[in-house]
A.B. asks: 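A single structure is presented below for examination.
All residue numbers refer to positions in the sequence shown, counting from 1.
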Amino acid sequence: QVQLVESGGGLVQAGGSLRLSCAASGRTFRPYYMGWFRQVAGKEREFVAAVRWSGGYTYYTNSVKGRFTISRDNDKNTVYLQMNSLKSEDTAVYYCGAISGSYYRDPGDASEYDYWGQGTQVTVSS
């Protein structure tokens, strides 16, 4: 059984920073990709960033490039999202997801993810 546990959300002023963490449990679990999505009430879940576990290749949506950084800790099976220069439009529930397996899947497509965390609220006040 694989579980993803997120932490690090909260309330921050515009221009501030937050760091989200997502730890994947399961001793033998090795993700192919891990990613972050966000969702605002009434809207679809939106891709934010992803990392391929082997090689560390990273992917970002355009609106966060230069402000957010995704990273991973292989030993801890943990992915991080460092969010800087936060804007009010970054306010959302942020979800961590994981893709298992060893063949290519689109890390920007929420339907490709096999596991999801419970979500953590990020609120940016202007």
Side-chain angles (χ1 to χ4, degrees):
Q1 183 78 4
V2 175
Q3 285 189 319
L4 304 180
V5 179
E6 299 142 344
S7 60
L11 172 65
V12 64
Q13 287 190 332
S17 299
L18 281 175
R19 187 195 194 207
L20 306 183
S21 300
C22 174
S25 66
R27 273 190 302 177
T28 60
F29 178 65
R30 285 297 179 263
Y32 192 44
Y33 293 99
M34 287 190 75
W36 290 95
F37 286 70
R38 61 189 180 189
Q39 190 167 22
V40 175
K43 294 190 175 182
E44 291 189 355
R45 196 165 291 192
E46 174 194 28
F47 171 71
V48 177
V51 59
R52 199 176 85 176
W53 219 248
S54 174
Y57 299 102
T58 57
Y59 311 83
Y60 297 94
T61 192
N62 285 339
S63 63
V64 308
K65 284 181 181 176
R67 300 189 298 124
F68 291 11
T69 303
I70 189 170
S71 62
R72 80 212 192 285
D73 184 324
N74 287 8
D75 292 337
K76 295 180 180 180
N77 252 15
T78 298
V79 65
Y80 305 95
L81 185 68
Q82 177 66 43
M83 306 186 292
N84 298 329
S85 302
L86 282 161
K87 305 175 181 179
S88 57
E89 51 262 45
D90 295 318
T91 295
V93 177
Y94 282 69
Y95 294 91
C96 168
I99 295 175
S100 60
S102 58
Y103 56 94
Y104 175 77
R105 289 157 78 178
D106 182 359
D109 184 349
S111 67
E112 296 277 47
Y113 284 73
D114 301 304
Y115 306 100
W116 290 99
Q118 77 285 0
T120 185
Q121 177 70 46
V122 171
T123 303
V124 183
S125 64
S126 55

A.B. asks: Could you state the interatomic distance from CG (L86) to OG (S126), rounded to the nearest 0.5 Å?
C.D. replies: 12.5 Å
A.B. asks: How many angstroms lie between OH in Y33 and OG in S54, if you round to the nearest 0.5 Å?
C.D. replies: 10.0 Å
A.B. asks: If hydrophobic clusters are built from ILVMFWY residues whose side chains come within less than 4.5 Å, do V122 and Y95 share one?
C.D. replies: no
A.B. asks: Contact between R38 and V64 at the side-chain level, heavy atoms closer than 4.5 Å - yes or no?
C.D. replies: yes
A.B. asks: F37 and Y113: aromatic ring centres closer than 6.0 Å?
C.D. replies: yes
A.B. asks: Look at atom CD of Q121 and say whether more than 12 heavy atoms of other residues, nucleotides or ligands are closer to it than 6.0 Å.
C.D. replies: yes
A.B. asks: Is a side-chain donor or acceptor of T91 paired with a backbone partner of V124 at a separation under 3.5 angstrom?
C.D. replies: yes
A.B. asks: Taking side chain as C-beta onward, heavy atoms only, is R67 less than 4.5 Å from D90?
C.D. replies: yes
A.B. asks: Applying a strict under-4.5 Å side-chain criterion to I, L, V, M, F, W and Y, I'd like to know whether L81 and W116 cluster together.
C.D. replies: no
A.B. asks: Working note: N77 + W53, criterion side chain to side chain contact (heavy atoms under 4.5 Å, CB included); need CA distance, chi angles, decisive distance, verdict.
C.D. replies: CA-CA 9 Å; N77 252 15; W53 219 248; 4.0 Å; yes
A.B. asks: How about D106 and Y104: do any of their side-chain heavy atoms sit closer than 4.5 Å?
C.D. replies: yes
A.B. asks: Hey, could you give me the NZ/OG distance between K87 and S63, rounded to the nearest 0.5 Å?
C.D. replies: 8.0 Å
A.B. asks: Return the set of residues passing salt bridge (Lys or Arg N to Asp or Glu O under 4.0 Å) with E112 (not counting sequence neighbours), or none when no residue passes.
C.D. replies: R105
A.B. asks: Which value, rounded to the nearest 0.5 Å, describes the distance between T58 atom OG1 and R52 atom CZ?
C.D. replies: 11.5 Å
A.B. asks: Over all heavy atoms of both residues, which pair between L4 and A24 is shortest? Give the atoms and the distance, please.
C.D. replies: CD2-CB, 3.5 Å
A.B. asks: Rounded at 0.5 Å granularity, tell me how far NZ in K76 sits from SG in C22.
C.D. replies: 14.0 Å
A.B. asks: When rounded to the nearest 0.5 angstrom, what is the spacing between CD in E44 and CD in Q39?
C.D. replies: 8.5 Å
A.B. asks: Verify the cluster assignment for W36 and Y59: are they in a single hydrophobic cluster under the rule of side-chain heavy atoms below 4.5 Å apart?
C.D. replies: no
A.B. asks: Aromatic contact between Y115 and F29, with the criterion being ring centroids under 6.0 Å apart: yes or no?
C.D. replies: yes
A.B. asks: Between L20 and E6, is the side chain to side chain contact (heavy atoms under 4.5 Å, CB included) condition met? List the steps.
C.D. replies: CA-CA 7 Å; L20 306 183; E6 299 142 344; over 6 Å; no
A.B. asks: Is any side-chain heavy atom of V79 closer than 4.5 Å to a side-chain heavy atom of I70?
C.D. replies: yes
A.B. asks: Is the closest side-chain heavy-atom distance between F68 and L18 below 4.5 Å?
C.D. replies: no
A.B. asks: Hey, any chance F47 and V51 share a hydrophobic cluster, counting ILVMFWY side chains that come within less than 4.5 Å of each other, even indirectly?
C.D. replies: no
A.B. asks: Quick one: closest heavy-atom pair of S85 and S17, and the distance?
C.D. replies: N-OG, 4.4 Å
